[in-house]
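It should be emphasised that the depicted structure is a prediction, and the values quoted were computed from it without experimental measurement.
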Amino acid sequence: MKRRTLNAEVRVEAGVGGRGLFTEIESVLTIRPGDDGIAFRVGGVRIPATIEHLSAEPVVQAFAQMPPRHTVLAKDGARVITTEHVLAALVGLGVTDAELVIEGGEEVPIDDGSAAAFVRAMQSVGLTELGDAEPLVITEVITVEDGSGGMIVAEPCDGPAAVPDYSYLLDYGEAAPLDKQTASWSGDAGVFASQVAPARTFSFAAEVEQMRALGLFTSFTPADLLVLDAKGEPIENELRFADEPARHKLLDLIGDLALVGQPIAGRIAAYRSGHALNHEMARRLASAR
């Protein structure tokens, strides 16, 4: 594994006016070359993208008693919201060092709910190697569960190769509108760019109505972000992959585990996990280090 950063900085003004999904405030993300890990900068405060800076404070007070719907980092009174997609883009392309500057708001632009815009921006300038990276090598089986059927298992890879191997099984049960779906990724940047990064975040129509009742998502339509009806069919939109929901859950998993702060060498298998369980696995992996 190699440490890599960008050859030049790139600006991402993505999606519906560059708005954040939860704040609906327009912002600009600039990704700059770096040599000291991955960190965000908001209002002059540098926030390392590590599990130690994960914020438990809800962005919307109505979310206080709900599982987290995104990944928020905070330090010294500053915070950055919905970091998981751009973090996944960095991991997927093998970027280990970069500074991500948010201007105009405190939330990463949602674009179409995928990581494709971030990947395209970084690919446009290319990457440069900084030397060898020290991966976090998983040497024993680590399991985290949420008590309601969600589970993530981290275990050593077979053989001597230090590579990441991520998989996600989406299973909402027999009566759910979506069939079981599985998605996986084994560290190849080209595969990530074409097969994982374009997968969009999704919501069911009933969830969207609930969020709108809370005053959220008013700037977006089903044509902007993927909304599924009671039969699991997209509304005013089309799926990019038959298993797009599972691929997006895989993307979230990769982005959340970036908070370990090192490339991961090992096998990560997630079953029905969300951000809360992803965060717990990142915490366990970091402590095992």
(request) Check step by step if side-chain contact (heavy atoms from CB on, under 4.5 Å) holds for L253 and K249. (result) CA-CA 6 Å; L253 175 70; K249 289 289 191 177; over 6 Å; no
(request) Go through M122 and L90 one step at a time and tell me if the side-chain contact (heavy atoms from CB on, under 4.5 Å) criterion holds. (result) CA-CA 9 Å; M122 290 187 283; L90 292 164; 3.5 Å; yes
(request) Carefully, step by step, assess T23 and E106 under the rule side chain to side chain donor-acceptor pair (under 3.5 Å). (result) CA-CA 8 Å; T23 62; E106 56 181 1; over 6 Å; no
(request) May I ask you to say whether D97 pairs ionically with R4, meaning some side-chain N is under 4.0 Å from a carboxylate O? (result) no
(message) So, taking the atom named CD1 in I235 and the one named CG in L225, what distance separates them when rounded to the nearest 0.5 Å?
(response) 12.5 Å
(message) I'd like to know if the side chain of S124 and the backbone of A121 have a donor-acceptor N/O pair within less than 3.5 Å.
(response) yes
(message) I'd like to know if the side chain of E207 and the backbone of F204 have a donor-acceptor N/O pair within less than 3.5 Å.
(response) yes
(message) Less than 4.0 angstrom from a charged side-chain N to a carboxylate O is my criterion; do D36 and R46 meet it?
(response) yes
(request) State, to 0.1 Å, how close R3 and T96 come at their nearest heavy-atom pair, and which atoms those are. (result) CA-OG1, 3.1 Å
(request) Verify, without hydrogens or angle tests, whether E24 (side chain) and S219 (backbone) share a donor-acceptor contact under 3.5 angstrom. (result) yes
(request) Check for a donor-acceptor pair, side chain of E233 on one end and backbone N or O of L228 on the other, with a separation under 3.5 Å. (result) no
(message) Would the distance check show the side chain of R19 and the main-chain N or O of I25 forming a donor-acceptor pair, the cut-off being under 3.5 Å?
(response) no
(request) To the nearest 0.5 Å, tell me how far R41 CZ sits from E103 CD. (result) 11.5 Å
(message) Same cluster or not: M281 versus M151, using hydrophobic residues (I, L, V, M, F, W, Y) connected whenever any side-chain heavy atoms lie under 4.5 Å apart?
(response) no
(message) Can you see whether F241 has R247 sitting over its ring - NZ or CZ less than 6.0 Å from the centre and within 45° of the normal?
(response) yes
(request) Write out all pairs satisfying ring pair (Phe, Tyr, Trp, His ring centres under 6.0 Å) with one or both partners inside residues 23-51, taking only residues at least two apart or from two chains. (result) none
(message) Check whether S273 reaches the backbone of I152 with its side chain - one donor and one acceptor, N or O, closer than 3.5 Å.
(response) no
(request) Would you check if the distance from the ring center of H70 to the ring center of H85 is below 6.0 Å? (result) no
(message) Donor-acceptor pair, distance only, cut-off 3.5 Å: does the side chain of H53 make one with the backbone of I47?
(response) no
(message) I'd like to check the side-chain contact (heavy atoms from CB on, under 4.5 Å) partners of R240; sequence neighbours left out, ordered by chain and number.
(response) D112, S114, P198, R200, E244
(message) Can you give me the closest heavy-atom contact between P177 and A230, atom names plus distance?
(response) CB-O, 3.1 Å
(request) For side chain to side chain donor-acceptor pair (under 3.5 Å), just list the numbers for T50 and E52, CA-CA rounded to whole Å, side-chain angles, deciding distance to a tenth of an Å, and then say yes or no. (result) CA-CA 5 Å; T50 61; E52 291 80 9; 3.1 Å; yes
(message) For V125 versus E9, what's the shortest heavy-atom pair and its separation?
(response) CG1-O, 4.3 Å
(message) Let's go through D256 and L277 carefully: what are the C-alpha distance in whole Å and the side-chain angles of both, what is the deciding distance for side-chain contact (heavy atoms from CB on, under 4.5 Å) to 0.1 Å, and is it a yes or a no?
(response) CA-CA 10 Å; D256 286 340; L277 207 54; over 6 Å; no
(request) Say whether, by atom type as modelled, one donor and one acceptor occur between the side chain of Q181 and the main chain of A246 under 3.5 angstrom. (result) yes
(message) Apply side-chain contact (heavy atoms from CB on, under 4.5 Å) to residues I138 and I264 and explain how you reach the verdict.
(response) CA-CA 8 Å; I138 298 173; I264 295 173; 3.9 Å; yes
(message) Show the nearest heavy-atom pair for residues L87 and A49, with the distance to one decimal.
(response) CD2-CB, 3.9 Å
(message) Tell me whether the rings of F202 and H248 are parallel (<30°), tilted (30 to 60°) or perpendicular (>60°).
(response) perpendicular
(request) Give the C-alpha distance, both sets of side-chain angles, the deciding distance and a yes or no for salt bridge (charged side-chain N to carboxylate O under 4.0 Å, His left out) between D132 and K2. (result) CA-CA 4 Å; D132 292 334; K2 298 290 184 180; 2.6 Å; yes
(request) Kindly say whether F22 contributes a backbone atom to a donor-acceptor pair with the side chain of R69 at under 3.5 angstrom? (result) no
(message) Using a 3.5 Å distance criterion without hydrogens, assess whether the side chain of D224 forms a donor-acceptor pair with backbone atoms of T221.
(response) yes
(request) Working to the nearest 0.5 Å, report the span between CG of L21 and CD of E107. (result) 6.0 Å
(request) Kindly give the heavy-atom pair with the smallest separation between P156 and R267, and that separation in Å. (result) O-NH1, 3.5 Å
